[in-house]
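Atoms considered below: every heavy atom in the structure, side chains included; atoms not considered: hydrogens, waters and symmetry mates. Start at 1 and go down the list; that is how both ligands and their atoms are numbered. Index from 1, following the sequence. Because the structure is a prediction, the values reported are computed rather than measured.
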Amino acid sequence: MAAKLGVIEHRFVRLPDLREAADITGASFWGLPPTYIPLRNSVFYSFAASYAEEVRASAIVGGHNKDDTAVFADVSAAFFAALEKAFRAGSPILRRGRLRIVRPLRQMRKPQVVRLASSMGVPFGLTWSCHRDGKEHCWKCAGCLSRRASFGEAGVEDPLATGGGKVT
Ligand SMILES: [Zn+2]
C-alpha cells in the first residue's frame with residue numbers, strides 16, 4: 001500500500017520480543033483483552049520519534065480510533081501529550097521542530113473510519129486486520145471479528161471477506 005501511495009521510504013522494524021498478554025505466563029493485565037501488548041505504543045512511537053529525529057520530521061501520525069481509546073490507556077490524549085513532551089525534552093532537534101503526534105481518527109469509531117476510507121478509495125484488499133500471521137485473514141480472531149462488524153455497520157463491502165481473505 002505504501003508503494004502504491006508513493007511513500008518515499010518504508011522502513012520495517014522487527015520486534016520479536018513483544019508479546020500479547022495471552023502469551024505471557026504469570027502476568028495479569030487487569031481485564032485488558034488477550035491481544036494487549038504491554039505498553040506497545042510507547043515502543044512503537046519511540047521508534048517513530050527516532051526516525052522523526054533522523055529525517056527532521058515535524059509530525060508523527062497515528063491511526064488510533066475512538067474504539068481503541070475506550071480500551072487502551074496507551075492511546076489516550078494524556079499519554080500522547082506526555083509522550084510528545086518527553087520526545088521534545090529528549091531531543092533538541094524535535095524540540096526545535098516542534099514535533100507533534102497527530103491522530104486524525106481519534107474521534108471516529110471503526111465503522112466511521114471504514115466509511116471515510118471507502119470515500120477516499122483506500123484499497124481495502126491491501127489492508128490487514130488479522131492478529132495472526134499468514135497470507136489470509138483467519139476470520140476468527142478479535143481483529144477479524146472487529147473488521148467484519150465494522151464493515152457491516154458501515155455498509156461497505158470488504159473485498160477480503162468476499163474474496164476468501166487473500167491479500168494480493
Ligand atoms: Zn484473524
For H137 and W139, take the angle between the two ring planes, folded into 0 to 90°, and tell me which bin it lands in: parallel under 30, tilted 30 to 60, perpendicular over 60. parallel

Return all protein N, O or S atoms below 2.8 Å from the Zn ion (ligand 1), chain by chain in residue order. C130 SG, C138 SG, C141 SG, C144 SG

R100, CZ: over 12 other non-hydrogen atoms inside 6.0 angstrom: no

Under 6.0 Å from the ring centre and within 45 degrees of the ring axis: does the NZ or CZ of R40 meet both conditions for the six-membered ring of F72? yes

I would like to know whether R11 and E54 meet salt bridge (Lys or Arg N to Asp or Glu O under 4.0 Å); could you show each step before the answer? CA-CA 13 Å; R11 193 179 292 184; E54 180 184 323; 2.8 Å; yes

Sequence neighbours left out, what pairs pass side chain to side chain donor-acceptor pair (under 3.5 Å) with at least one residue falling in residues 14-24? none

For residues Y45 and F87, establish whether the separation of their ring centroids is below 6.0 Å. no

